[in-house]
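Structure first, commentary second.
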Amino acid sequence: ATSSLLGCADTSTQTLAVTLCSFNDPIDTSVISYGPEVVQFHPASNVAGYSYAWSFSDGGTATGTPVTHTYNGSGSYTVDLSVSDASLGCSATSTITLQITNTCGLTAGFTNWGNGLTQTFNTYNYDSLSGAIASCTWSFPGATPSTASGLNVSGVVYPAVGTYPACAYIVSTGGCIDTVCNTVTITAPTFMISGAASKASGPGFVGTVYLIVQDSVGHLSLLDSTVSQYDSSGSFNYYFYSLPADTYFVKAALSATDPDYANYLPTYYGDVLTWGTATPVIITNSDASAIDISLVAGSNPGGPGFVGGYVSQGAGLVIGNQGYSYAKALGDPIANVQINLLTSTNQPVAYTFSDANGHYQFANLALGSYKIYVEQLNKIPTPLDFTLTAENPVDSGANMSVNSHSATGIDNTANLQLMEVYPNPVISTVQLQMDCKQAADATLKLEDVLGRTNLVQEIKLSSGQNTTEVNMAGFAAGVYQLVIQTGSQQVTYKIVKAK
């Protein structure tokens with residue numbers, strides 16, 4: 001203070017306390033719904049007595065807490081919050097910036113499943129904000145149909161195995177719109193073969209069922225097997241899964257631990273003892289069920305008879321690799337070869353396997369006439385005939401030879417041997433390889449399952465190896481019996497005509 005009259009001045013100082021609004025909390029946000037996007041705003045702390053005023057950069061204001069605001073377009077937006085306290089006369093401001101994309105943000109998508117070329121598509125959605133899926137349209141490039149609608153679509157067929165794009169255009173009940181595109185991998189279909197292997201009597205079933213596959217040239221090979229430890233019902237239900245479309249054979253055999261092991265012979269589907277007469281299981285586009293096998297029982301009343309011999313390697317058979325100790329040579333023994341014994345009227349008697357030294361034997365046989373042959377995949381069996389009499393109850397020289405195409409008795413005197421039939425199954429032309437000891441005229445016939453003759457072909461056979469072709473291109477798919485007659489000898493073989 002100053003006085004011009006008195007020419008004096010004085011100074012006085014005092015400190016004042018000022019109270020401001022204590023607002024320093026951030027603004028919290030949360031999404032309420034999509035399509036358009038609705039956002040809820042509120043301060044981190046709601047202080048009693050404070051007033052809250054909101055201002056949105058895209059237009060609009062609101063008061064209180066919490067408040068919501070709807071964004072109809074994508075972009076960057078600011079939100080201003082003014083806080084005031086009337087009793088204290090204080091105020092404060094806070095600003096945040098939001099990036100709005102206005103997309104669904106869905107956790108929706110689709111899955112597909114199927115077996116092979118035909119697929120089913122299903123949508124899913126785990127996003128509670130957008131609500132359930134209200135509608136969906138599809139795009140399947142390369143498939144039939146190429147477009148579809150619905151939350152789930154079945155019967156989408158692709159032309160071949162491979163990878164294809166697929167897209168789903170999804171709309172939720174909350175108005176959310178989203179597009180989901182995936183790559184769909186189409187693989188070849190697979191199928192199942194199932195059935196039961198059984199025996200006519202006896203407790204349980206301890207054994208193995210074998211699955212055999214046939215390639216495009218008719219060659220058979222063991223693909224899989226399944227073992228029954230014990231089934232008190234006397235049968236064994238078996239299953240082979242994930243099999244491609246192909247031609248298969250199924251064989252069942254008891255294990256040595258089954259009490260009826262010696263009473264039943266290993267049997268192919270069709271209830272036969274040889275692979276050449278077995279019924280093929282041809283899978284094209286569906287599972288094969290009820291492929292049941294009833295093991296063929298052997299009948300041996302017993303007696304003083306005995307037959308035995310030696311199984312050796314014949315010409316052209318390769319076992320092992322040249323130069324290694326386990327490579328086989330002509331005349332070497334072959335172990336673990338199945339040998340079937342039948343009467344001369346084809347009644348099953350028994351079976352056995354050659355031992356490590358190639359030897360086999362059947363003892364306690366009734367006197368009479370028999371035939372014996374080697375049963376081995378891809379080898380055409382030629383039986384060896386013999387007779388046991390009271391004067392000669394023992395035959396220890398029933399030797400067998402397994403060559404590249406057949407299994408034959410070394411002492412067999414038959415003029416004609418069918419060495420190989422391929423391909424089998426056949427699509428157009430099947431080739432027969434035969435061996436003749438001397439030249440002969442022969443008649444070839446093809447008969448269907450009803451016994452009707454579908455083809456008759458006269459052929460001239462020379463001494464040695466012979467090759468004959470049979471055109472089956474015009475034949476209906478199915479099983480046929482090949483019959484070759486020369487003189488008093490007749491050779492039969494089963495051929496499968498594929499589609």
Side-chain angles (χ1 to χ4, degrees), residues 1-110 123-136 151 167-181:
T2 60
S3 173
S4 57
L5 178 63
L6 298 177
C8 62
D10 194 14
T11 300
S12 179
T13 303
Q14 184 175 350
T15 301
L16 302 178
V18 178
T19 303
L20 300 177
C21 293
S22 58
F23 176 78
N24 58 5
D25 287 339
I27 301 174
D28 288 343
T29 65
S30 58
V31 179
I32 300 301
S33 64
Y34 293 100
E37 189 166 325
V38 179
V39 183
Q40 183 184 79
F41 300 89
H42 61 88
S45 299
N46 185 8
V47 180
Y50 280 9
S51 298
Y52 299 93
W54 305 82
S55 177
F56 304 98
S57 62
D58 62 335
T61 60
T63 59
T65 182
V67 298
T68 59
H69 185 71
T70 301
Y71 292 93
N72 293 305
S74 301
S76 180
Y77 299 90
T78 60
V79 179
D80 296 320
L81 170 61
S82 296
V83 181
S84 63
D85 186 345
S87 63
L88 297 176
C90 66
S91 65
T93 60
S94 182
T95 301
I96 61 170
T97 300
L98 297 179
Q99 190 67 37
I100 302 296
T101 59
N102 207 37
T103 58
C104 295
L106 282 174
T107 54
F110 67 86
T123 58
Y124 64 84
N125 178 28
Y126 300 128
D127 191 342
S128 60
L129 293 177
S130 62
I133 296 177
S135 64
C136 181
L151 275 60
C167 293
Y169 308 95
I170 300 171
V171 179
S172 73
T173 54
C176 176
I177 301 174
D178 202 6
T179 300
V180 180
C181 292

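Residue numbers run from 1 in the order of the sequence given.
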Worksheet item: Partners of H42 by side chain to side chain donor-acceptor pair (under 3.5 Å), sequence neighbours excluded?
Response: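 Per chain and number, H42 pairs via side chain to side chain donor-acceptor pair (under 3.5 Å) with no residue.
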Worksheet item: D80: what forms a side chain to side chain donor-acceptor pair (under 3.5 Å) with it, not counting sequence neighbours?
Response: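 Checked D80 against side chain to side chain donor-acceptor pair (under 3.5 Å); matches are T95.
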Could you check whether any side-chain heavy atom of [X] comes within less than 4.5 Å of a side-chain heavy atom of [Y], counting everything from C-beta outward?
X   : Y   : result
Q40 : T68 : yes
F56 : V67 : yes
S76 : T97 : yes

With rounding to the nearest 0.5 angstrom, report the [atom1] to [atom2] distance, [X] to [Y].
X    : Y    : atom1 : atom2 : result
T29  : I96  : OG1   : CD1   : 5.5 Å
C181 : Y169 : SG    : OH    : 5.5 Å
D85  : S51  : CG    : OG    : 7.5 Å
D28  : S30  : CG    : OG    : 8.5 Å
Y52  : S82  : OH    : OG    : 12.0 Å

Discussion item. Set out, in order, the CA-CA distance, both residues' side-chain angles and the distance that settles side-chain contact (heavy atoms from CB on, under 4.5 Å) for D58 and H69, then state yes or no.
Written reply: CA-CA 10 Å; D58 62 335; H69 185 71; 2.8 Å; yes
Worksheet item: Should the pair W54 and F41 be assigned to parallel (<30°), tilted (30 to 60°) or perpendicular (>60°) ring geometry?
Response: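 W54 vs F41 ring planes: tilted.
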Discussion item. Using every non-hydrogen atom in the two residues, find where P43 and L81 come nearest and quote the distance to one decimal.
Written reply: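 Answer, listing the atom of P43 first, then L81: CB-CD2, 4.4 Å.
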Worksheet entry | By side chain to side chain contact (heavy atoms under 4.5 Å, CB included) - contacts of S4 (at least two apart) |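 Expected list: none.
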Practice prompt. Go through the steps to decide whether Y71 and L98 satisfy the test side-chain contact (heavy atoms from CB on, under 4.5 Å), and finish with yes or no.
Written response: CA-CA 11 Å; Y71 292 93; L98 297 179; 3.8 Å; yes
Worksheet item: Quick one: does T123's side chain have a donor or acceptor within less than 3.5 Å of a partner on L151's backbone?
Response: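 Such a contact is found between T123 side chain and L151 backbone.
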